[in-house]
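Hydrogens, waters and symmetry mates are skipped; everything else that's a heavy atom, side chains included, is used. In what follows, chains are A, B, ... by sequence order, proteins preceding strands, each numbered from 1.
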Amino acid sequence: MNISRLLSNSHFPLVPPHIRLPLVWTRGLAAHHSNDLHLPIPTEASSILATKLVTSYFHRGRLEQARKLFDEIPNRDVVLWTAMISGYTSRGLYSNAWAVFCQMTSQGMDPNEFTISSVLKACKGMESCSCGLMVHGLALKHGLDGCIYVENTLMDMYATCCPSMDDAYMVFRHIREKNAVSWTTMITGYTHRGDVYGGLQVFRRMIQEGVDLNPFSCSIAIRACASIGIPSFGKQMHVMVIKCGFDFNLPVANSLLDMYCRCNSLSEAKRYFHEIPQKDLITWNTLIAGYEKSGSDWSLNLFLHMLSEGLSPNCFTFTSVIAACANLALLNCGEQIHGGIFQRGLQGNLPLDNALIDMYAKCGCVDDSRRIFDEMPQRDLVSWTSMMMGYGTHGYGKEAIGLFNKMLDSGIRPDQIVFMGVLSACSHAGLVSEGLNYFNSMATNYHVTPNQEIYGCVVDLLGRAGRIKEAYQLIEAMPFKPDVSVWSALLGACKAHGDSNLGRLAAQKILSLRPNGADTYVILSNIYAADGKWGEFAKVRKLMRGIGCKKEAGVSWIEVGNQVYSFVVGDKVGSHIEMVYRGLEMLVQHMKEVGNDLDSDCLLHLLEDES
DNA sequence: GTACCTATAC
């Protein structure tokens, strides 16, 4: 590179026209670029140029050139050192930034407030509280701790790297003139570590002290309200945001929309969605995800609407709509969307691949799930768990166990959800002793403490195998008060194996925890019916009518061609009903042929309205 | 010539 050409290049506006370069320096820089070393003698002007060059190199990602130039300059001043530290920090190379800082101090160069804030950002990036503490000490020694930049970065470093917010709060308390950054840093410090109420308290104090709000602090606070799930908090935020005039700032609007979805106020979400004048992809994705989580097939309608508006879906969109297909068991639709994912080259996105595994498994195509699983460039705990769950629900217990062992070999540590996957797979495949072995070794071998849901899985494991008394003993020996899921597992087992005594007990426990649970009454009455206790059966049904609880009709649906047909028990309406009954007859015939015992009780309820 | 927080969707 020719330095004079460089300086005359209008695309390189680094050197102001009033700076005249010393000849020797120009020669030196030229030598730098031609690898012919003649070190320049720096002057103040040349130091400014060097700093500008270093900053520009970092900005354009030419890190090696920045380093080479820096290394060749003999008497670097503090600004140049700082440019180097901040350059590395801006590129995420925090250890390099730290190394330059150490080199600088060891050479006796004193830092200024710019250096301290830059290197503190590197400490934050390294998540090193000890390095941060050293820098804090140095800042105090040089009297730089009163600068707002230093105070804000100190706070951020402590908030990110320390186990508690105490140190960050200490710095915050001592800031005389807090600015918007100080407040935002404090709020995100709390919310990023999951202390939502802590963050909201700081936000409230910000309002009380009359600090000007900005869209950033508002969207963070709205997110906090969404994660609490209390609609009244969110409503207050909405009112406040309107007062500030931020209600149609897109990130603020999107976080409000998300808040309504997470607070289960879907109608509010829908209304607000239509009010937002200019929507972006995130706006659409947020509402699609909201509908999907609530189990509504409107997520798919909205997806089509979005496409018709000419928007291009991304990984977030596809993850939601694939999840919708999974939960509605719409294989045909899921496959078409998978085609769209392929077309756009989005396969390989981790959450999306995980959703695809789940979708194919829930649509009955566990082999396709496995294919996706095998082709994934990377896998996380969710990938392994989804695949195991897929195997489990299809009765492939051995495959699930094989996968669990493979997961351990790959160095991933299991959590409670993985154990739920393995245990439920064992349960569905009748692998009782294997399941019990896993349960008994969870805490000792894998340091995972069983929770209520795990106990529920083991009760289910024993119960399905007909070992109902042992299941009950396990419930009695549980280290915590059994919840509805545990008793429900026992009740299910009692229904399957006709144990009306324990069934009554389980039902009573469930009703004491969740009164008016119509499904519990129905199962209990069915247990009595199967046991021939018709008097008890009648009593339960009468009790149900007396308290006015009515079981919601269970809806089934089937996808034929491009159409989804839904039907309820005893359905006689609709042109497709005849086809449904014909399908049912075919299934019954097939079950007889393969030697499956028909549960006559079950069949009876398929044909008659039980509610 | 060098510095702080910065939000929303899986």
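- If you check B:dA7, B:dC10, B:dG1 against the side chain of A:Lys52, the one that comes closest is B:dG1.
- As judged by a 4.0 angstrom heavy-atom cut-off over every strand, A:Asn214 is placed among residues making no nucleic acid contact.
- Residues A:Phe203 and A:Ile220 form no side-chain contact, since every pair of their non-hydrogen atoms from C-beta on lies 4.5 Å or further apart.
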Salt bridge (charged side-chain N to carboxylate O under 4.0 Å, His left out) assessment of A:Arg371 paired with A:Asp374: CA-CA 5 Å; A:Arg371 209 162 298 134; A:Asp374 285 338; over 6 Å; no
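- Among the heavy atoms of the strands lying under 4.0 Å from A:Arg262 are primed sugar atoms or P, OP1, OP2 only; no base atom is included.
- The CD1 atom of A:Ile220 sits 7 Å away from the C1' atom of B:dT6 (whole-angstrom rounding).
- Looking at the side chain of A:Thr51, the nearest of the listed nucleotides B:dT8, B:dT2, B:dG1 is B:dG1.
- Here the P atom of nucleotide B:dA3 and the CG atom of A:Asp77 are 14 Å apart, to the nearest Å.
- Between B:dT6, B:dA9, B:dG1, one nucleotide has an atom nearer to the side chain of A:His192 than all others, and that is B:dT6.
- A:Cys147 comes within contact range of at least one nucleobase, with a heavy-atom separation under 4.0 Å.
- Side-chain proximity of A:Val79 to B:dC4, B:dA9, B:dG1: nearest is B:dG1.
- The cationic group of A:Arg76 lies under 6.0 Å from the six-membered ring centre of A:Phe70 and within 45° of the ring axis, placing it in a cation-pi geometry.
- At whole-Å resolution of the value, CE in A:Met104 and P in B:dA3 are 14 Å apart.
- Checking B:dA9, B:dT2, B:dT8 against every side-chain atom of A:Asn254, the shortest atom distance belongs to B:dT8.
- Remark: A:Lys293 is not in phosphate contact with B:dA9, judged by side-chain N or O atoms under 4.0 Å from OP1 or OP2.
- Once the 5.5 Å centre distance and the 30° plane angle are applied, the aromatic ring of A:Phe216 is found not to be stacked with the base of B:dA7.
- The side chain of A:Thr55 approaches B:dT2 more closely than any other nucleotide in the set B:dA3, B:dT2, B:dC10.
- One can find a donor-acceptor pair under 3.5 Å joining the base of B:dA3 and the side-chain atoms of A:Ser117.
- Nucleic acid contact class of A:Ser219 (heavy atoms, under 4.0 Å, all strands): base.
- Classified by interplanar angle (parallel below 30°, tilted 30° to 60°, perpendicular above 60°), the ring pair A:Phe101/A:Trp98 is tilted.
- In the set B:dC10, B:dA3, B:dA9, B:dA9 carries the atom at the smallest distance from any side-chain atom of A:Thr286.
- Between the C1' atom of B:dA9 and the CZ atom of A:Phe273 lies a distance of 12 Å, rounded to the nearest Å.
- Residue A:Met155 contributes atom CE, which lies 8 Å from atom C1' of B:dC5 at whole-angstrom precision.
- Counting to the nearest Å, the P atom of B:dT8 and the CG atom of A:Leu287 are 18 Å from each other.
- The side chain of A:Ser47 lies closest to B:dG1, out of B:dA7, B:dC5, B:dG1.
- Between B:dA3, B:dA9, B:dC5, one nucleotide has an atom nearer to the side chain of A:Lys124 than all others, and that is B:dC5.
- In this pair, A:Tyr291 and A:Trp298 present their aromatic rings tilted. The plane angle is within the 30 to 60° band.
- Defined by atom type and a distance below 3.5 Å, a donor-acceptor pair is missing between the side-chain atoms of A:Asn254 and A:Thr286.
- The phosphate of B:dA3 has OP1 or OP2 within less than 4.0 Å of a side-chain N or O from A:Ser86.
- Residue A:Phe101 contributes atom CZ, which lies 16 Å from atom P of B:dA3 at whole-angstrom precision.
- Ranking B:dA9, B:dC5, B:dT2 by closeness to the A:Thr184 side chain, first place goes to B:dC5.
- At whole-Å resolution of the value, CD1 in A:Ile85 and P in B:dT2 are 14 Å apart.
- Contacts of A:Asn112 with the nucleic acid, taken as non-hydrogen atoms under 4.0 Å apart, include base atoms.
- One finds a salt bridge joining A:Arg271 and A:Glu268 here, because a Lys/Arg side-chain nitrogen approaches an Asp/Glu carboxylate oxygen to under 4.0 Å.
- At the heavy-atom level, A:Asn354 lies nowhere under 4.0 Å from the strands shown.
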